[in-house]
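Only heavy atoms go into these numbers, but all of them, side chains included; no hydrogens, no water, no symmetry mates. Residue numbers begin at 1 in each chain, while the letters A, B, ... track the order of the sequences.
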Number of protein chains: 2
Amino acid sequence: MATSTDLRVSWSAVPARFRARGLRWTPQRRAVVEVLSETDGHITGAELVERCRARDAQTIPSTVYRTLDVLEELGLVRHGHGADGREEYHVGAGPEHGHLYCATCGGSWEISDAAAERIVATLAETDGFEVDLSHVTVVGRCRACDAGA
Amino acid sequence: MATSTDLRVSWSAVPARFRARGLRWTPQRRAVVEVLSETDGHITGAELVERCRARDAQTIPSTVYRTLDVLEELGLVRHGHGADGREEYHVGAGPEHGHLYCATCGGSWEISDAAAERIVATLAETDGFEVDLSHVTVVGRCRACDAGA
DNA sequence: GCCGCTACTGCAATATCTTGCAATAACATC
DNA sequence: GATGTTATTGCAAGATATTGCAGTAGCGGC
């Protein structure tokens, strides 16, 4: 699977990328990166802390959050806010996409490319606004919950 | 101004509405309601706490947040999340609207009715998703910042 | 006014996330 | 390996927001 391969190669290069930037490679950062390399899609800051603690109970939350900040500067994760306002990190450097969140069932999905394009175009046209999709979470009700109403 | 009049009438009726629901009318709730009655548009939970503390330094944050929860149940405020994920309350019972937030200058605006309609229609069509506009904050870059780039 | 019921508050604890500071450790150089 | 520089960590404090519990107070009824 090309996607998995691509991500795997990317994570193994992380130590070198850190050093190239004059940043240090530490055991704590390694742990965060290992958890992320096993993570698909999205993860909340709090969940990442939990996962790291599962590996090493001495994990300090502030260190994890700081590592996430650095990884975001390197473009390896991208932060946004979930429907409840909490930090949510999109793992990997895939194309920007927004999310739909159903307040009824709690499910979430990526906004389809077609819809995203239309939304972006609409706001550019009506408001001259350039949308940052990675920070867009649209709350509402999904088809299934609508049907069940 | 019709809008101010309308809001003013609404706030003065709040104590009665509370009682009609079997809820108590307390000095703390009065303080919150007074601050809200002087508030136009939106306010964060934290700022409301600050405003109440300006009136009475003994104000307890948890009481303020709980009052906001009750007011939301009564439909007098509506909560959403700002671009940074924090709680933001829309004051008054006006029509649902979403927001645009410029990450560059920090400015925010309501999404125009025309754009909102298009976005809602798009997501209904492509994903069968029913949007809850009050919970939509689109992050990006405004026209002015785009022009200045 | 008094009494009783119970909604509500303050307090304390907690979760999530941020940040300053002093000590530690990564790592380049010799 | 030793040394020096400084990025990074752990700790403590802080901001925002939530929640359980015991004591308080709003308020209806008498």
Side-chain angles (χ1 to χ4, degrees), chain A residues 14-33 35 42-74 77-90 135 137, chain B residues 14-33 35 42-74 77-90 135 137:
Chain A
V14 170
R17 291 186 58 180
F18 267 58
R19 292 199 189 94
R21 290 276 208 120
L23 303 174
R24 311 272 170 90
W25 183 246
T26 65
Q28 294 84 358
R29 288 173 166 175
R30 170 189 297 281
V32 171
V33 165
V35 172
H42 313 86
I43 187 168
T44 61
E47 168 138 25
L48 184 58
V49 172
E50 273 316 295
R51 295 250 190 100
C52 290
R53 295 180 62 86
R55 292 168 161 246
D56 174 12
Q58 315 272 61
T59 299
I60 305 295
S62 62
T63 301
V64 175
Y65 285 106
R66 278 169 166 155
T67 300
L68 282 169
D69 287 345
V70 177
L71 290 172
E72 185 167 17
E73 282 170 31
L74 289 184
V77 298
R78 194 179 287 138
H79 98 272
H81 294 280
D84 57 0
R86 288 158 62 177
E87 299 272 350
E88 196 163 87
Y89 294 84
H90 171 72
H135 275 73
T137 296
Chain B
V14 170
R17 291 185 61 179
F18 266 59
R19 293 198 190 93
R21 289 276 207 120
L23 303 174
R24 312 267 171 96
W25 183 245
T26 65
Q28 295 83 354
R29 288 172 166 175
R30 170 190 297 282
V32 170
V33 165
V35 172
H42 313 87
I43 186 168
T44 62
E47 168 136 25
L48 183 57
V49 171
E50 273 316 295
R51 296 253 190 96
C52 291
R53 293 180 61 89
R55 293 169 159 243
D56 174 10
Q58 316 272 61
T59 298
I60 305 294
S62 61
T63 300
V64 174
Y65 284 107
R66 280 170 165 154
T67 300
L68 282 168
D69 287 344
V70 177
L71 290 171
E72 185 167 17
E73 281 170 28
L74 289 182
V77 297
R78 194 179 287 140
H79 98 273
H81 293 281
D84 57 2
R86 289 156 62 177
E87 300 271 348
E88 196 163 87
Y89 294 83
H90 171 73
H135 275 74
T137 297

- Could you check which of D/dC11, D/dA25, D/dT8 has an atom nearest any side-chain atom of A/Leu23? D/dT8
- Please give, in whole Å, the distance from D/dT9 P to A/Asp56 CG? 13 Å
- For B/Leu74, does its backbone N or O pair with a side-chain atom of B/Arg17 as donor and acceptor, under 3.5 Å? yes
- Message: Looking at B/Gln28 and B/Thr63, would you say the former's side chain and the latter's main chain have a donor-acceptor pair under 3.5 Å?
- Response: no
- How close or far is atom P of D/dA17 from atom NE2 of B/His81, stated in whole angstroms? 9 Å
- OP1, OP2 of D/dT9 versus side-chain N and O of A/Thr26: anything below 4.0 Å? yes
- Outermost DNA chain C nucleotides near chain A [under 4.0 Å, heavy atoms]: C/dT16 to C/dC27
- Task: State whether the distance check finds a donor on one side and an acceptor on the other, under 3.5 Å, for side chain B/Arg66 versus base D/dT19.
- Result: no
- Message: Heavy atoms only, 4.0 Å cut-off, all strands: where does B/Thr44 land among base, sugar-phosphate and nothing?
- Response: nothing
- Query: What integer distance in Å separates B/Trp25:CH2 from D/dC27:P?
  - Reply: 10 Å
- Take atom CD of A/Glu73 and atom P of D/dA7, then tell me their distance rounded to the nearest Å. 13 Å
- Just how far, in rounded Å, is P of D/dT8 from CZ of A/Arg30? 15 Å
- For B/Gly45 and for B/Gln28, find the nucleotide of DNA chain D with the closest heavy atom, then tell me which residue's nucleotide is more 5'. B/Gly45
- Query: With no hydrogens and no angle check, is any side-chain donor or acceptor of A/Arg53 less than 3.5 Å from a backbone partner on A/Thr59?
  - Reply: yes
- Which part of the nucleic acid does A/Arg86 contact within heavy-atom distance under 4.0 Å: base, sugar-phosphate only, or nothing? sugar-phosphate
- Message: Using a heavy-atom cut-off of 4.0 Å across all strands, would you classify A/Arg19 as base, sugar-phosphate, or nothing?
- Response: sugar-phosphate
- Message: Can you measure B/Asp84 atom CG to D/dA15 atom P for me and round it to whole angstrom units?
- Response: 16 Å
- How is A/Gly85 classified with respect to the nucleic acid when contacts are heavy atoms under 4.0 Å: base, sugar-phosphate, or nothing? nothing
- May I ask you to decide if the ring planes of B/His135 and B/His79 are parallel, tilted or perpendicular, using 30° and 60° as cut-offs? perpendicular
- Message: Can you measure B/Tyr65 atom OH to D/dG20 atom C1' for me and round it to whole angstrom units?
- Response: 19 Å
- Note on the structure: For A/His81 and A/Thr137 the tightest heavy-atom approach is O-OG1, 2.9 Å
- Item | Nearest-angstrom distance from the residue atom CZ of B/Phe18 to P of D/dG28 | 15 Å
- May I ask you to decide if the ring planes of A/His90 and A/His42 are parallel, tilted or perpendicular, using 30° and 60° as cut-offs? tilted
- Using a 4.0 Å heavy-atom cut-off across all strands, classify B/Pro15 as base, sugar-phosphate, or nothing. nothing
- Evaluate the side-chain proximity of B/Phe18 to B/Thr26: yes if any heavy-atom separation is below 4.5 Å, no if none is. no
